[in-house]
Every structure is written in structure tokens, then in C-alpha cells.
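Quick note on labels: first sequence line is chain A, next is B, and so on, each numbered from 1.
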Amino acid sequence: MNSRSLIAGRALGKSVTGLAIVANDDFSARYDLDRIKGVFSRPSHVLYGLSYVGKILVVNSAKGGVATSWMLGEMASRSMAPLALIFNDSNAIMVQAAAFAGIPIMDQFEENVTRVITTGDHLSIEPEKKLISILD
Amino acid sequence: MQLNDTEKSMRNGDLGEPRRWAIEQQIAVAEYFGAEDFVPVSQVHICADSEALGENGIGLLERFSSYEASEKRVLVPSLTDPRGSDFGRYKAIRQDLSIVERERRLADALRSIGFMMTNTCINYQCVLPPVQGERLAFGDTGSVIYANAVQGARSNFEGGPAALAAALTGRVPRYGYHLAHQRLGTQLFRITEEPRNLSEWGIIGGIIGRIITSYWEVPVIEAAWSDMPDLPTSDSLKHLGAALASYGSIPMFHFSGLTPEAPDTQTAFGSNKINEASSIGRKEFDTFRDGFQTSRPELDVVVFAAPQLSIVELRDLAALLDGRKISKSTAMLIAVPPSVKIVADQSGLSETIEAAGAVILEGVCFYQMHARELAQANGWQTLMSNSAKLVNIVGGYGYEPVLGTMAHCVDAAIDGRVPR
């Protein structure tokens, strides 16, 4: 199986494999999501109308407030959360959220992940190794 | 991480399961950011409304509240951000009873653990203003940025679970804005036109917040107008900071010559290189404001919130509403801390405002009250506010927001139509 690898500067959580949903945009659970329907609901968001449930969310950075830290756990409790969070640059809230929800998170790559990974790519996330593999 | 004996005991479970859970959460975050140790905090402020927590978060707090006092009680003074319901006025806005009941359960659990129900996002104005160097675990972006920038205190954004953990352990990992080098300026902005009202102070925050995309960047603001004859007030910087934190997820800024760690621009930057300043003036203010439009002219609701209003803002609003009547087709909601409501009642401001037809809600903020469900229950779609932060948030809840000054918002509410 051919693959391309990306190394993170920081990582937390368990290993997962899944499909990517990618945007050169930022992310806040309160500002951007309809958490009942499981879709991006802010009209100005690049991923407006698309589902994030069970997907590996790859975005530029975190925006907005603190509510994501509770909300990610609430979403995960209903199996309505992203599978993993990949940022170019995360903030404290997203890491707290990921730790609380038990969702893997990585950031600080040498390349812009929103340009290297494409929506629909099959990814293997291994936080212990700080490694993402894009699987063919 | 280096753990002291108390921290090791917490991690071993010797001090109870709530504190074991708490310190494990904090260690996970600490290891991510390379924090070497913990620092004690003097205050905690938690964002905990039922919309954010859901049954998952409420269940956690109820579980912790069932433990013995020695295992569950907070170790430092711990305050609450706004609730999701005003228990006295929820019927006036047709809030569903199921939401109110969840808020009651949540409030009971928080109280049981030892949180003081301040129910405000402006605790730095009306509860216990932090002092320079004070280490905090604040959990509202507006309260963090104000405490860091205007008061010179030190806090990261501590989201709900992280703030809960800090309250149970009395400490936070030493990373981010607890470190001196992180607090130095990284980008310079020059404001070429003096803001004329609170809305324009918020617009400055929104403009800079859209430019800066990283939690780790610190804007330094210079005022290009001479002499600053009217110094910014606490409310001006409150709106600036709240919008900066909301649009940019930024916990710190410097205002050269005004904020405590920026006696001048060079000091604010420290050893960091000073870039060429980006200018922000009237053209940028107007472009930002004009970016918010509605699809129809009828104005469904005017909201003054995000942040909650100070008593001074409420006084200004009362003066604008005095003797006037809001259109029957437009609602007006005003969010204030409980402590401000008491003063407003005793000063006659509440009577003046409510005589005009507005609803004063205490201890809540609009977007923390299940705003989507409120829109559905009341038929609200078009919304006007003087808060740059609020108009940033409510789009995701299905509203069409427009931004105006407090006076323009009042005029529009009287008229029942979005200004064109």
C-alpha cells in the first residue's frame, strides 16, 4: 500500500483510520455547527452543509470561544463527533476539548495540511508517533 | 511534568475521583503543550451553560456532586459565566421548559461542588477584578482577554472541563499566557480614526481578529489620533477585547500607552521584531459593518449582549429608550449580570427600559440560551446588535445579523425595520 506521511509537532490521543474532510478555514463547534444534524451550519464556512460526523476534520486553525471544549464531548457521547482533529495551528480550547472527548488531535506540521490532504483522502492517524499517513 | 506531592496524590486518587479526573485532564493538556509544571491559581471562572454541556457534561457534574465534600469541593474561589436560562423571565422569550429544567439541574450541581453563581461574563468588571500578575483559570474568551490585556493578569482560555479541573485542583499547567515570552507583541496595528462608540471599538477587534488567525499571536494596537482626549473606558476595551477574542481566538493584546504591559510599543514587543503597522480607519470600519446584511427589511429582534452590559451601558440605553415604545413586531433583549440588575432596579433604570417594551434578562447571554430554538419559538431571523462579537456568532444559529450603534439599534427597534 502506497502512502505519504506527515509529521506533527504536537499530538494527543489514540490511533484511528478514516476519511478526511478538509478546508482552508477555521473551526468552532458553537459558531459553525448544527450539532444535532451533524453538519456545518454557518453559511460563510467553506464546509457549509457538509457532514463532519465520523470524519477526520482537517482545518487551518481554531476560532471563536470556549464552548467547543464541552461540546466536543457532548457530540462524542452521541457518536456525532469528528473522528479526529487535524490543525495547522490549534489553540488551548481544542486540545482541552480533545482530551475531554477522547478524540485524537494533532497540529504544527511542516507543511500546510489543508493543501496536502484532500477531502475524501483515506488517512491513518497515529498520535503516539505524531504521524499521519495518506493511504492510497 | 514535574509533579509535587499533592499533585501525585491527586493523580493516585488519594484525594478522590473528581480530583483524579481533573489532574489527568490537565496533565494531558500539559504534555501536549510541553508545560513543565503546574502553577496555583487564585480564581476560576467557568463557562457552563446547558447548551454547551449537553447531557454528557451535566451528567459529569451531577456525578461529581454525589461525592463527599472533601472530594468534590472546589479549592479556590470559583465563579460562573452566564447561564442558559433566566429562571424568572424565560416565559417572556418562549424558552422551552425542558431547557430551563436542564439549567436548574446544572446550577444545582455547580452549587454543590462549590461554584458561586455569579452568572456573568464581565466578572472582571463587577465581581473581583484581577490584578497585574495574578494567575487565573478564566473560561470566557472575553474575560480572559480583558484580564490578560487590560489588567495584566495571566490566563489561558480555560474551556469548561479545563476550568472545572482547575477549580478541583487549584492549579493549571504553566504554558501559554502564563509565560512571559508568550505575552510579547507579534503584530502591530495602527488605528487612524478614533472610534466614536462601543460598536466601533468592537469593529476594531473584529477586523484584527479576522487578520490574526493564531491563538499564539499578540496584536499591539497604536492610536494614531493625537492626545487621546477621550480615553477608552472599561466598556470600550471590553467590546474591543470580546470581539478580538471571538473573531480571532486571541487571549491577549496590547494597547500602546494604555495597557499595563505596553507603556510604549517597543516594550510591548520586547525582543520580537516590530513589523510595519497595518492601518485601520473609517473605510475599514464601514466595510466591516456593511458586511452584515439581511434578506428582508423587517427587524425581528434587537439584542444587547455578548458581552453582558455594565450599569453604565444600561444607563445609556435607558436614556435612549426613555419615553419611547418599541415596535410590537420587534423584540428587544438585554443581558446583564445579576449584580447589575439589582442596581438597575434600585436606580429606576429597569422601569424605564421595560416601559419601552424591552426585556431585561439577568445572568444569561443570548447565544448561550439555545439561540436556534429561541429563533424557532419566536419566529426570529433578522437580528440587530451593537456587539461585533454577537453578530459574529449568531449566523451559525440561523440568524441574519446586522451591526449598528446602540442608538441606531434603538431607533430601528422603535421603527420595526432594519436600517438601510
Contact winner vs chain A - B:L60, B:V144, B:N56, heavy-atom pairs under 4.5 Å: B:N56
Heavy-atom pair count under 4.5 Å with chain A, highest-scoring of B:L164, B:V29, B:N156: B:V29
Contacts with chain B made by residues 16-33 of chain A (heavy-atom distance under 4.5 Å), listed by residue number: A:R30, A:Y31, A:L33
Atom group of B:E31 that falls short of 4.5 Å from chain A, counting heavy atoms: neither
Residue, of B:G398, B:S214, B:A163, that accumulates the most heavy atom pairs under 4.5 Å with chain A: B:S214
Contact listing (chain B partner; residues 94-105 of chain A; heavy atom under 4.5 Å): A:V95, A:Q96, A:A99, A:F100, A:I105
Gap separating the CZ atom of B:F157 from the CG atom of A:N91, nearest 0.5 angstrom: 7.0 Å
Region of B:A245 in contact with chain A, defined by heavy-atom distances below 4.5 Å: backbone
Close side-chain approach of B:V394 to A:R42, heavy-atom, < 4.5 Å: no
Inter-chain contacts: residues 72-86 of chain A against chain B, heavy atoms under 4.5 Å: A:G73, A:E74, A:S77
Note, A:V66 side chain near B:D140 side chain (heavy atom, < 4.5 Å): no
Heavy-atom contact with chain A under 4.5 Å, split by part of B:I58: neither
Contact class of B:I250 relative to chain A, heavy atoms under 4.5 angstrom: neither
Heavy-atom contact with chain A under 4.5 Å, split by part of B:D81: neither
Within 6.0 angstrom of B:E17 CD, more than 12 heavy atoms from elsewhere: yes
Structural part of B:Q368 lying under 4.5 Å from a heavy atom of chain A: both
Interface moiety of B:I46 toward chain A, non-hydrogen atoms closer than 4.5 Å: side chain
Pick from A:S44, A:S41, A:G9, A:A92 with the largest number of heavy-atom pairs that fall under 4.5 Å of chain B: A:A92
Inter-residue atom distance A:K63.NZ - B:N392.CG, 0.5 Å rounding: 8.5 Å
Value rounded to 0.5 Å, distance of OG in A:S69 from CG in B:L53: 9.0 Å
Considering all heavy atoms, the nearest B:A52-A:A67 contact: CB-CB, 4.2 Å
Salt bridge (Lys or Arg N to Asp or Glu O under 4.0 Å): pairs with one or both residues in residues 5-21 of chain A, sequence neighbours excluded: A:R10-A:D107
Non-hydrogen side-chain atoms of A:D34 and B:R372 separated by less than 4.5 Å: yes
Chain A interface, residue from B:G160, B:A162, B:G395 that has the most non-hydrogen pairs under 4.5 Å: B:G160
Toward chain A, the part of B:E51 with a non-hydrogen atom under 4.5 Å: both
Short side-chain to backbone donor-acceptor contact, A:W70 and B:C47, under 3.5 Å: yes
Region of B:Y367 that comes under 4.5 Å of a non-hydrogen atom in chain A: both
Residue pair A:S90 / B:Y215: nearest heavy atoms and the distance that separates them: O-CB, 4.4 Å
Partner chain A: residue of B:Y247, B:Y32, B:F33 with the largest heavy-atom pair count (under 4.5 Å): B:Y32
